[in-house]
K.L.:
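Let me give you the structure first, and then I'll get to my questions.
Note that the coordinates shown come from a computational prediction; the quantities given were computed from them, not determined experimentally. All values below come from the heavy atoms of this structure, side chains included, with hydrogens, waters and symmetry mates left out. Below, chain A is the first sequence line, B the second, and so on; all start at residue 1.
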Amino acid sequence: MRWSQSLIPTLKESPADAVASSHILLQRSGMIRQLGAGAYTYLPLGFRALQKAVAIIREEMDAAGAIELLMPAVQPVELWQESGRYHAMGGILMELRLGGDKHAVLGPTHEEVVTDIARDLIKSYRQLPIVLYQIQTKFRDEPRPRFGILRTREFLMKDAYSFGTDLEQLNRAYDAMFEAYCRIFDRCGLPYVVVEAESGPIGGDSSHEFMVPCDIGEDAVIQCAACGYAANRERAEVGTEPSPIPPPDPSAPAPTAVETPNRRTIDELCQFLQVRPEETAKLLVFLADGQPVAVLVRGDHEANEAKVRRMLGATILEPADAETIERVAGAPMGFLGPVGIRIPLVVDRAVARVPRLVVGGNALDVHLTGVIPGRDFPIDRLADLRNAEPGDPCPRCGSPLAVRQGIEIGHVFKLGTKYSCAMGAEFLDEHGQAHPMIMGCYGIGVNRILAAAVETGHDKDGIVWPLSLAPYEVVLVPLQVHNEAVLDLTATLERHLTAAGHDVLVDDRDLRPGVKFKDADLIGIPLRVVLSERGLKEGTIELKWRNESAPRTVAAEEAVAAVLGELKSAHEAHRSRCEQRRHARAAAQSG
RNA sequence: CGGGGCGUAGCUCAGCCUGGCUAGAGCGCCAGCUUUGGGAGCUGGAUGUCGGAGGUUCGAAUCCUCUCGCCCCGACCA
């Protein structure tokens with residue numbers, strides 16, 4: 001491709017409203033252009049990079065035995081009412097009014113449609129297991145699109161759905177998808193980590209997220225440097241402290257009630273009473289399947305609703321409203337405490353280790369100081385009920401945990417029979433008995449692969465694409481576009497490289513060398529080949545990889561072989577890195 | 001949805017507080033000359049419903065009201 005014939009509008013200055021480096025660089029390099037909040041055009045260069053990611057995903061999904069199809073984005077609203085998600089999706093579902101009184105939704109995901117296909121077209125255990133996938137545009141009315149292409153209202157997703165007769169088939173499909181995801185992200189050159197994820201009410205430890213650690217990531221990843229434990233913050237367990245909980249001091253004075261007028265938050269309370277947040281505890285009231293429950297966590301900690309829900313064995317857990325709280329606790333929010341509370345009380349383990357607590361007094365404008373866990377309120381229902389914090393002990397090895405931001409690029413999930421039961425997707429077994437299919441779902445955010453690649457691959461001059469995602473592998477830069485020798489060799493190189501199956505961009509613009517170098521760096525093409533009058537006089541051309549600081553010269557006569565050789569060895573090196581990682585995974589599995 | 005910020009040329013911004021020349025600069029774009037290995041110089045040129053509507057005023061980019069859009073923080077996030 002000739003640069004002058006494409007549309008590559010590079011910018012010298014950063015767009016004013018971009019904050020994330022991927023957003024800035026993708027715009028500056030002329031790869032994307034914003035149309036509205038969370039809506040971006042992929043210009044020719046950006047589209048090529050996106051298609052590179054798509055091709056890698058497709059190859060690995062096919063290799064893993066998944067079958068590609070394409071489902072519609074416009075979906076009948078009735079399908080969503082049937083699964084019960086019409087309301088459960090909240091505000092992110094985009095609705096359309098069609099002719100007459102017909103309504104449709106734009107698919108934010110495709111469990112409903114694919115389950116509808118399965119129930120109509122799959123009837124026998126002989127057709128199972130099967131994994132269906134598509135690469136298709138999803139629509140979600142995100143309350144807050146952010147960071148360029150990281151969170152948008154319209155995005156490209158690879159979504160796969162597995163159907164099986166039993167748990168074993170589900171587990172096999174899950175493992176196959178998990179491995180395919182590792183290969184995909186290895187091939188994309190992304191520094192990802194796999195973390196245990198919160199899987200909602202359905203399955204235990206049956207969900208993993210693929211995260212790329214990076215500062216603008218919207219998810220918090222908990223990691224243990226010592227043993228490699230990694231989990232989403234929503235999911236991460238907090239290890240137990242090695243020392244036993246000290247018994248209450250029998251000689252300590254009884255709790256003291258203190259006036260705390262209008263001090264409702266932990267901050268206000270700590271300032272007023274001159275105590276630290278870790279010496280306080282806050283009482284939260286939830287409705288567990290409709291029944292009020294009190295949860296006590298330390299003032300500086302955050303309650304984790306999923307952990308509370310699991311501990312109580314509840315299906316639905318929601319924060320109680322202000323009226324319910326006053327009714328069951330006898331005090332308004334901000335003054336609740338565990339002493340004398342009349343609803344079931346569960347306590348986070350960290351609370352029990354605080355010798356003397358400040359808690360709410362269950363009366364307006366009153367708190368209690370000198371409250372002793374186990375003496376002044378029961379601690380027989382202790383559990384891990386909070387979000388992990390940096391420094392907390394690892395649940396596996398006890399070393400201190402660290403927290404990092406991460407971009408979620410993939411998610412694998414065991415669904416079970418949620419949709420097959422709700423929508424009647426059943427198969428007949430060899431005895432003619434009907435059973436619901438066991439499902440799994442597996443998603444990759446394709447646009448996020450690009451965002452993550454740029455976030456983790458750039459320098460002060462611009463993007464540094466991995467070879468596998470770069471819109472072009474090579475950029476040929478003839479410095480004098482009117483010199484015949486320079487032009488001839490450029491054309492020869494372009495012809496041979498293209499014939500060998502490489503993507504070549506030729507910067508044929510009649511511009512000063514500095515501009516061409518700056519632009520080549522900005523758009524991040526991995527291999528740059530400079531052809532100049534000066535060089536050709538000496539019989540040389542220049543090669544430079546984007547991540548190298550200085551170019552090297554090569555004899556002009558050997559230009560074609562040299563460039564082909566560079567590309568070949570780079571591809572081979574990348575392949576062997578991917579292979580090594582694959583072997584390491586296999587060894588870890590069998591070991 | 002709550003809080004904050006911003007809308008002036010393709011991009012970055014000045015002008016607004018304190019209303020008044022023909023609405024400006026740099027980059028980019030077009031033409032010409034010079035230049036040609038890390039975002040060149042000079043000369044000439046094109047490009048604006050000053051986000052939109054209403055109001056105040058002799059007069060509004062500037063003041064007031066409403067409204068739309070965008071960004072950031074938070075809430076939310078199958």
K.L.:
A:Ala16 or A:Met89: which one's nearest nucleotide on RNA chain B is closer to the 5' end?
P.N.:
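Residue closer to the 5' terminus by nearest nucleotide: A:Ala16.
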
K.L.:
So, taking the atom named CG in A:Leu317 and the one named CZ in A:Phe286, what distance separates them when rounded to the nearest 0.5 Å?
P.N.:
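Reported value, rounded in 0.5 Å steps: 5.5 Å.
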
K.L.:
Taking A:Ser532 for the side chain and A:Gly535 for the main chain, is one N or O donor matched with an acceptor at less than 3.5 Å?
P.N.:
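Yes; at least one donor-acceptor contact below 3.5 Å.
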
K.L.:
Measure from CD1 on A:Ile24 to C1' on B:rC72 and round the result to the nearest Å.
P.N.:
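So the CD1-C1' distance, A:Ile24 to B:rC72, works out to 13 Å.
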
K.L.:
Under a 4.0 Å N-O cut-off, is there an ion pair linking A:Glu389 with A:Arg298?
P.N.:
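Between A:Arg298 and A:Glu389 there is no salt bridge, as every charged N stays at least 4.0 Å from the carboxylate O atoms.
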
K.L.:
Heavy atoms under 4.0 Å, any strand shown: does A:Tyr419 hit a base, just sugar-phosphate, or nothing?
P.N.:
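No contact.
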
K.L.:
May I ask you to check whether over 12 heavy atoms, not counting those of A:Asp17, lie within 6.0 Å of atom CG?
P.N.:
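Yes.
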
K.L.:
Side chain of A:Leu479: nearest nucleotide among B:rU12, B:rC72, B:rG37?
P.N.:
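For the A:Leu479 side chain, the nearest candidate turns out to be B:rG37.
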
K.L.:
Determine which nucleotide pairs with B:rG37, using a 3.5 Å limit on both distances of a Watson-Crick or G-U wobble pair.
P.N.:
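Result: none.
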
K.L.:
Where each residue is assigned the nucleotide of RNA chain B containing its nearest heavy atom, which of A:Glu533 and A:Ala20 is assigned the position nearer the 5′ end?
P.N.:
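Whichever sits nearer the 5' end wins; that is A:Glu533.
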
K.L.:
Between B:rC77 and A:Arg151, counting only base atoms on the nucleotide and side-chain atoms on the residue, is there a donor-acceptor pair under 3.5 Å?
P.N.:
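Indeed, a donor on one side and an acceptor on the other fall under 3.5 Å apart.
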
K.L.:
Please determine, for the side chain of A:Ser532, which listed nucleotide (B:rC71, B:rC76, B:rG37) has the closest atom?
P.N.:
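The answer is B:rG37, which lies nearest to the side chain.
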
K.L.:
Can you tell me the pairing partner of B:rC66 across any strand shown, Watson-Crick or G-U wobble, with both distances under 3.5 angstrom?
P.N.:
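With both distances under 3.5 Å, B:rC66 matches B:rG52.
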
K.L.:
Classify A:Arg85 by what it touches in the nucleic acid, base, sugar-phosphate, or nothing, heavy-atom distance under 4.0 Å.
P.N.:
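Sugar-phosphate, no base atom in range.
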
K.L.:
Touch check for A:Gly36, heavy atoms < 4.0 angstrom, all strands: base, sugar-phosphate only, or nothing?
P.N.:
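Answer is sugar-phosphate: A:Gly36 comes under 4.0 Å of backbone atoms only.
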
K.L.:
Counting side-chain heavy atoms from C-beta on, which of B:rG37, B:rC71, B:rU12 comes nearest to A:Val19?
P.N.:
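Nearest nucleotide to the side chain: B:rC71.
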
K.L.:
Quick check for you: to the nearest 0.5 Å, what is the distance between A:Phe163 atom CZ and A:Thr115 atom OG1?
P.N.:
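Between A:Phe163 CZ and A:Thr115 OG1, I get 5.0 Å after rounding to 0.5 Å.
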
K.L.:
With a sphere of 6.0 Å drawn around CD of A:Glu557, does it hold more than 12 non-hydrogen atoms of other residues, nucleotides or ligands?
P.N.:
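Counting neighbours around CD of A:Glu557, 12 or fewer heavy atoms of other residues, nucleotides or ligands fall under 6.0 Å, so no.
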
K.L.:
With sugar-phosphate meaning primed atoms plus P, OP1 and OP2, does A:Pro9 contact a base, only sugar-phosphate, or nothing at under 4.0 Å between heavy atoms?
P.N.:
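If one applies the 4.0 Å heavy-atom cut-off, A:Pro9 turns out to touch nothing in the nucleic acid.
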
K.L.:
Any strand is fair game: report the nucleotide pairing with B:rA9 by Watson-Crick or G-U wobble, both distances under 3.5 Å, or none.
P.N.:
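Its partner is none (no Watson-Crick or G-U wobble pair with both distances under 3.5 Å).
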
K.L.:
Return the residues of residues 551-559 of chain A meeting this criterion: a heavy atom under 4.0 Å from some atom of RNA chain B. Order them by number, or give none.
P.N.:
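Within this stretch, nothing sits under 4.0 Å of the strand.
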
K.L.:
Hunt down the Watson-Crick or G-U wobble partner of B:rG2, both distances under 3.5 Å, from any strand shown, or write none.
P.N.:
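Base partner found: B:rC73.
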
K.L.:
Please classify the nucleic acid contact of A:Glu218 as base, sugar-phosphate, or nothing, using heavy-atom distances under 4.0 Å.
P.N.:
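Contact class for A:Glu218: none.
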
K.L.:
Under 6.0 Å between ring centres: does that hold for A:Phe178 and A:Phe210?
P.N.:
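A:Phe178 vs A:Phe210: aromatic centres under 6.0 Å.
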
K.L.:
Just say parallel, tilted or perpendicular for the rings of A:Tyr174 and A:His208, cut-offs at 30° and 60°.
P.N.:
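Correct class here is tilted.
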
K.L.:
Using a cut-off of 4.0 Å between protein heavy atoms and nucleotide atoms, how would you tag nucleotides 38-51 of chain B 5' to 3' with B, S and -?
P.N.:
BBB-----------

K.L.:
Is the CZ atom of A:Arg33 crowded by more than 12 outside heavy atoms at less than 6.0 Å?
P.N.:
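12 or below, so no.
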
K.L.:
Which value, in whole Å, describes the distance between the P atoms of nucleotides B:rA9 and B:rC13?
P.N.:
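Roughly 12 Å separates the two P atoms.
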
K.L.:
What does B:rA60 pair with, Watson-Crick or G-U, if both distances are under 3.5 Å?
P.N.:
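Here B:rA60 is not engaged in any pair, so there is no nucleotide opposite it.
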
K.L.:
Assess whether one donor atom and one acceptor atom, taken from the side chain of A:Glu13 and the base of B:rG26, lie less than 3.5 Å apart.
P.N.:
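By the distance-only test, yes, there is a pair.
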
K.L.:
Go ahead and name the base partner of B:rA31; Watson-Crick or wobble counts if both distances stay under 3.5 Å, otherwise write none.
P.N.:
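Because both required distances fall under 3.5 Å, B:rA31 counts as paired with B:rU43.
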
K.L.:
CD of A:Glu95: more than 12 outside heavy atoms within 6.0 angstrom?
P.N.:
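Atom CD in A:Glu95 is crowded, with more than 12 foreign heavy atoms closer than 6.0 Å.
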
K.L.:
If you look at every strand shown and take non-hydrogen atoms under 4.0 Å, does A:Pro108 touch a base, only sugar-phosphate, or nothing?
P.N.:
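Answer is nothing: A:Pro108 stays at 4.0 Å or more from every strand.
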
K.L.:
Specify the closest pair of heavy atoms between A:Leu536 and A:Ala556, including all atoms of both residues, with the distance to one decimal.
P.N.:
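Shortest heavy-atom contact: CD2-CB, 3.9 Å.
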
K.L.:
Quick one: is B:rC71 close enough that its OP1 or OP2 comes under 4.0 Å of any side-chain N or O from A:Gln34?
P.N.:
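Answer is yes, contact under 4.0 Å.
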
K.L.:
Starting at atom CD1 of A:Ile216, determine the distance to atom C1' of B:rC72, rounded to an integer number of angstrom.
P.N.:
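Spelled out: CD1 on A:Ile216 to C1' on B:rC72 is 13 Å.
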
